[in-house]
Protein chains: 2
Amino acid sequence: MRTDCACPRDISINIPAESRPRLVIIGGGFAGLYLVRHLCETDLQIVLLDRNNFHTFQPLLYQVATAMLEPESVANSFRKIFQKQKNLHYRMVDVKRIDPEDKVLMTNAGCLHYDYLVIATGAKTNFFGMRDIAKHAFFMKDISQAIDIRQRIFSNFEKAVLTKDPAERERLMNIIIVGGGPTGIEIAGAIGELKNFILPYDYPELDFSKMRVYLVEATDRLLGSMSIKASRLAQQALRKFSITFLFNTKITGYDGKSAYTGDGEVIQSAMLIWVAGVIGNIPQGLIGPDVNFGGRIKVDCCNQVAGYDGVYAIGDVAAVITMDRPNGHPMLAPVAIQQAENLAGNLTAIIEGHGSTQTPFVYKSPGVMATIGRNRAIVEKSGFSFGGFPAWLTWLFVHLMTLVGFRNKIIAFTNWAWNYLSYDRCMRLIIPLKQRNRSDEEDGSK
Amino acid sequence: MRTDCACPRDISINIPAESRPRLVIIGGGFAGLYLVRHLCETDLQIVLLDRNNFHTFQPLLYQVATAMLEPESVANSFRKIFQKQKNLHYRMVDVKRIDPEDKVLMTNAGCLHYDYLVIATGAKTNFFGMRDIAKHAFFMKDISQAIDIRQRIFSNFEKAVLTKDPAERERLMNIIIVGGGPTGIEIAGAIGELKNFILPYDYPELDFSKMRVYLVEATDRLLGSMSIKASRLAQQALRKFSITFLFNTKITGYDGKSAYTGDGEVIQSAMLIWVAGVIGNIPQGLIGPDVNFGGRIKVDCCNQVAGYDGVYAIGDVAAVITMDRPNGHPMLAPVAIQQAENLAGNLTAIIEGHGSTQTPFVYKSPGVMATIGRNRAIVEKSGFSFGGFPAWLTWLFVHLMTLVGFRNKIIAFTNWAWNYLSYDRCMRLIIPLKQRNRSDEEDGSK
């Protein structure tokens, strides 16, 4: 098992040796971020590993994908966030494998010993084994993917203006969104707004009555995890943007031009955004028989991974399996944040020598919400749902307050106010993505 | 000559045929942008071609490269800028070749006939035939390159933290800037600020007394195009950041790790930013013997290209050769803007039937300026130079006022105010640049 690890096992990552125990956290999403924050007073050497040097505020990724916010507003560098936290060492590395027997991680930059390990690697897109969808569809789980969607939307419209083929033009204008959950309806609303208020002014040469935005859902309603009333409110709000709903429909194939449904229908579209499912991002090396539970790591009520001493998992990657929660909690930011708080308390108890008093995790739902367009949202709390403008104000307030960093709050608010007052989107740039920057430089000697 | 053109000659770009004459402008920098604006009332069909869908405010690219502004603040989409201009058709294409005999352009998306052609393709980096520099150095002529510099600075520091080799660590921290012109001193100042006020707080594990920022200049002073007093003011301001000046020094080679000077010295640095020269971005197909004049297109006093009927060049790519300007004007935004205004007047006269009254271009210099760090700048006008805080306020006002778009002004001002008050830089993200977005998605079926 160990021989297939490509990372240099004899090189250890440059972290100062200390006498106090070392806690390694993999992943700086909501779970990892809040765990570090809650442990700032605890006598631990904390090492945070993430392949990106920034925390991503995932609930607003759809706004980056739809040209409402620049990427810099929904991300914050770890070094900035933790500048004053003395017991933390952040390292930008990619974890390749966990060796729980030796309590060692293998990364692209060398190995690292841990005393306690917290896996907070989040979730990734689940395309249920359909490789053509994996190859041609667009996803939205990180900033690069969100930028990719933004750039592709606008470059498809630039191509639509250039082509003389009407069928090709329609294909370039159409957009399919697969998945009627909160992310799906948020993207659909934002794209509906683009279609109604922005694109027709940018592209007066195109006939927008030909543009179709499809929202494809496998069940018979939107927001399946919420109430029937919430579903109805969402559908009403989206109808304003003349979204084409396809309920009880599964997309079974996509080649970049045509999407195929389970019923044999074909939909022409140069863009398919797949937000139909996520799966835990489980690192390699945990080989217990019960570890993988429906694509997430099975943990006990104190977030410990069964059978592994000192190994925990929190956030989207973890499924807390209890009697009343046989499938774990929903993959939501508030769950991750509360798990981090709970685990921080339990770890502190262990470090301080009273580890026998572990507090089990109990989730208190603050409610769920999703926004649709410029002034509508759906909020559901304790079985009570409401929509429209009051819900949108609630959404706005909650997201602005939880956005990490004061500067990000100011810039995001300025952009939102601008978008709201001007019916405009400012981020319509298609920036060529080059890893290195000399491809178009020429030999100046000629 | 024509057979080596890869573009489809039998496909023409989708532009409506009109009875009025067609003016094609290649490039939407300052020259192209202002030309379109000044021609909004003229009875011409205007086609603007640019490979990017946005105008770039080049004077602030160095702020994108040094994490002061997000890319979206220094760029504005053409379709937004020209939303109300009815006689304009923008097309996102790459011009491959001009065929002036047939009055046709060949592009990646097909051919296009013109009646009048304006070449406003700007300048690109000149590395004087040194291919290893072209391969390993960083440039700063467009947004992608500026983002590339920003990301590489921070990823080099992340690598410096990971390595245990002291020599490798110093190499990763060092930065060489080649070229002591306005761009060189602006980058040096901004990197000096990063070194003094930002990086030591982000990377407390690194010893910043080991970090060297080199400013290499082939002549004996900075700002060679300005007065001796301006050179002295610039050098004084940069000394604050302990920049290492290397005057009378040429960089003759660079392999990504070591830079070699003409005197045989070797400087270790994982990053070399080359701003030592630019050269006109001359499109292929103009084959007149006198067209290429020192890397720019030679034009007469009315910006017409000698020997080609109806073909003009303005901005950095054009050299207006006159008796008192044997080398043309400096490559500056005000020159481009004034040439655009002049050419717009002359073209309007031709269209309105009094083409014999062409007004020659006369440049009125509004002065030159460069900024250094958070509150110093150099301003020179009519032989009079001043520096310090008043010059910085002048710089700030001029740049804020000329930044395209009201929203960009607000966001840039907010960011500048934030940086100024907090001694902070917000854009420290290393966003992986992927053209397509599925590389880390896995098969969810396992």
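Quick note on labels: first sequence line is chain A, next is B, and so on, each numbered from 1.
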S.K.: Is it the side chain or the backbone of B:Asp202 that comes within 4.5 Å of chain A heavy atoms, both, or neither?
M.R.: both
S.K.: Could you walk me through whether B:Glu72 and A:Leu69 pass the side-chain contact (heavy atoms from CB on, under 4.5 Å) check?
M.R.: CA-CA 10 Å; B:Glu72 285 79 359; A:Leu69 286 177; over 6 Å; no
S.K.: If you round to the nearest 0.5 Å, how far is OG1 of B:Thr107 from CG of A:Leu162?
M.R.: 7.5 Å
S.K.: Does the pair B:Lys86/A:Glu205 count as a salt bridge with the N-to-O cut at 4.0 Å?
M.R.: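 Result for this pair is no, no salt bridge flagged.
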S.K.: Taking A:Lys159 for the side chain and B:Met92 for the main chain, is one N or O donor matched with an acceptor at less than 3.5 Å?
M.R.: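 It does not hold such a pair.
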S.K.: Atom NZ in B:Lys80, atom CD1 in A:Ile198: separation rounded to 0.5 Å?
M.R.: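 Taking NZ in B:Lys80 and CD1 in A:Ile198, the distance rounds to 8.0 Å.
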S.K.: With sequence neighbours left out, write down each residue that passes salt bridge (charged side-chain N to carboxylate O under 4.0 Å, His left out) with A:Arg169, or none if nothing qualifies.
M.R.: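 Per chain and number, A:Arg169 pairs via salt bridge (charged side-chain N to carboxylate O under 4.0 Å, His left out) with no residue.
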S.K.: Side chain, backbone, both or neither: which part of A:Val278 has a heavy atom under 4.5 Å from chain B?
M.R.: neither
S.K.: If the condition is side chain to side chain donor-acceptor pair (under 3.5 Å), which residues does A:Asp207 pass it with, not counting sequence neighbours?
M.R.: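 Listed in chain order: A:Ser209.
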S.K.: Please tell me if the side chains of B:Val161 and A:Arg79 come closer than 4.5 Å, counting only heavy atoms from C-beta onward.
M.R.: yes
S.K.: Which bit of B:Thr163 comes within less than 4.5 Å of chain A, counting heavy atoms only: side chain, backbone, both or neither?
M.R.: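 Interface part for B:Thr163: backbone (N, CA, C, O).
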S.K.: As an exercise: rank B:Tyr203, B:Phe82, B:Phe78 by heavy-atom pairs under 4.5 Å with chain A and give me the winner.
M.R.: B:Tyr203
S.K.: Flag the pair B:Arg51 and A:Glu158 as a salt bridge only when some basic side-chain nitrogen lies within less than 4.0 angstrom of an acidic carboxylate oxygen.
M.R.: no
S.K.: Looking at A:Asn14 and B:Lys164, would you say the former's side chain and the latter's main chain have a donor-acceptor pair under 3.5 Å?
M.R.: no
